[in-house]
Amino acid sequence: MRGPRISDASDKELARLRQKGKKATEEVHRKRRVRYLTVFGLIFLILGVQLILNITTTHRIKSEIQTDKTSLVQQKERNRRLKIKRNNLKDPDYLAKYIRYKFYYSKKGERIYNIPENSKDNQ
């Protein structure tokens, strides 16, 4: 038995002392329970915040990847068009035709006439 030893205490006093000891033990257990719950609550809160941060970071990175993929597709298409244009410019016939069209050059004895493309504007 815990506490002071009382040899000549009455039954009522012994019951009161036992009740007091039981209440003290319950109070100690209650305090421990509150401490444990607080510690586990803090751990749960910290892990929850870390999880939310990881989710938002993952979402941000995925959106950046999607943006970069779109940009990559556009750049590949541009690169493909430029390669086609480069290859066309290596062809002498195409190059002569392109220069005559773009810069209004002509062969000897050839005349260049500018015809409006939209005939409704003239009417």
Side-chain angles (χ1 to χ4, degrees):
M1 187 165 153
R2 295 184 207 164
R5 297 185 186 258
I6 303 173
S7 58
D8 50 331
S10 68
D11 288 339
K12 287 183 180 181
E13 221 171 286
L14 282 176
R16 187 182 60 79
L17 287 174
R18 284 188 190 126
Q19 186 68 22
K20 189 176 179 182
K22 188 176 178 182
K23 282 185 181 180
T25 304
E26 287 176 0
E27 182 67 21
V28 168
H29 289 297
R30 188 187 67 79
K31 286 182 180 181
R32 281 185 194 157
R33 192 171 36 246
V34 167
R35 286 181 189 147
Y36 286 141
L37 288 175
T38 303
V39 168
F40 286 124
L42 286 173
I43 290 171
F44 183 73
L45 181 67
I46 290 169
L47 292 177
V49 167
Q50 287 295 323
L51 181 65
I52 290 171
L53 290 175
N54 285 340
I55 289 171
T56 56
T57 303
T58 303
H59 180 55
R60 181 183 51 83
I61 290 172
K62 283 183 179 181
S63 67
E64 286 178 8
I65 288 172
Q66 186 62 33
T67 304
D68 291 343
K69 281 183 179 180
T70 305
S71 176
L72 179 64
V73 167
Q74 291 172 350
Q75 290 298 324
K76 282 184 176 182
E77 177 61 26
R78 181 174 180 257
N79 193 21
R80 185 188 66 78
R81 281 185 274 121
L82 289 173
K83 281 182 180 180
I84 290 172
K85 192 172 184 179
R86 181 193 67 195
N87 290 337
N88 284 339
L89 290 174
K90 287 181 180 179
D91 182 19
D93 293 332
Y94 177 82
L95 184 60
K97 183 179 174 182
Y98 181 74
I99 290 173
R100 285 200 323 265
Y101 172 76
K102 187 75 172 175
F103 300 109
Y104 301 108
Y105 280 25
S106 63
K107 295 179 183 177
K108 288 187 178 184
E110 186 178 54
R111 293 186 184 186
I112 298 176
Y113 297 101
N114 287 331
I115 300 172
E117 292 182 20
N118 195 350
S119 62
K120 291 183 180 182
D121 293 339
N122 293 337
Q123 294 178 359

Arg81 and Glu77: side-chain contact (heavy atoms from CB on, under 4.5 Å), yes or no, with the steps? CA-CA 6 Å; Arg81 281 185 274 121; Glu77 177 61 26; 3.7 Å; yes

Under the side-chain contact (heavy atoms from CB on, under 4.5 Å) rule, what do Arg86 and Lys90 come out as? Steps first, then yes or no, please. CA-CA 6 Å; Arg86 181 193 67 195; Lys90 287 181 180 179; 4.1 Å; yes

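Proximity of Val73 to Lys69: side-chain heavy atoms (C-beta onward) are nowhere separated by under 4.5 Å. Side-chain contact check for Lys97 versus Asp93: every heavy-atom pair is 4.5 Å or farther apart. Asn79 places none of its side-chain heavy atoms less than 4.5 Å from the side chain of Gln75. Within the 4.5 Å cutoff, the side chain of Arg32 has heavy atoms near those of the His29 side chain.
Linking ILVMFWY side-chain heavy atoms closer than 4.5 Å, directly or via other members, places Phe44 and Val49 in two distinct hydrophobic clusters. Residues Tyr94 and Phe103 share a hydrophobic cluster, clusters being chains of Ile/Leu/Val/Met/Phe/Trp/Tyr side chains in contact below 4.5 Å.
Rounding to the nearest 0.5 Å gives a distance of 10.5 Å between CG of Asp11 and CD of Glu13. With rounding to the nearest 0.5 angstrom, the CG atom of Leu51 is 14.0 Å from the CD1 atom of Ile46. The structure places CG of Leu95 at 4.0 Å from CD1 of Ile99, a figure rounded to the nearest 0.5 Å. Separation of atoms CD (Gln19) and CD (Glu26) is listed at 7.5 Å; rounding is to 0.5 Å. Distance CD1/Ile52 to OG1/Thr57: 11.5 Å, rounded to 0.5 Å. Rounding to the nearest 0.5 Å gives a distance of 10.5 Å between CD of Gln50 and CG of Leu45.
Using cut-offs of 30° and 60° for the angle between ring planes, the Phe40 and Tyr36 rings count as tilted.
Residues Leu53 and Thr56 share a closest heavy-atom pair of O-OG1, 2.9 Å. Nearest approach of Val34 to Thr38, heavy atoms of both residues: O-OG1, 2.7 Å.
Scored by the side chain to side chain contact (heavy atoms under 4.5 Å, CB included) test, Glu27 finds Arg30, Lys31 as partners (sequence neighbours excluded). Listed by chain and residue number, nothing satisfies the side chain to side chain contact (heavy atoms under 4.5 Å, CB included) test with Arg35 (two or more places apart in sequence, or in another chain).
Within the 3.5 Å criterion, the main-chain N or O of Ser63 finds a donor-acceptor partner in the side chain of Thr67.
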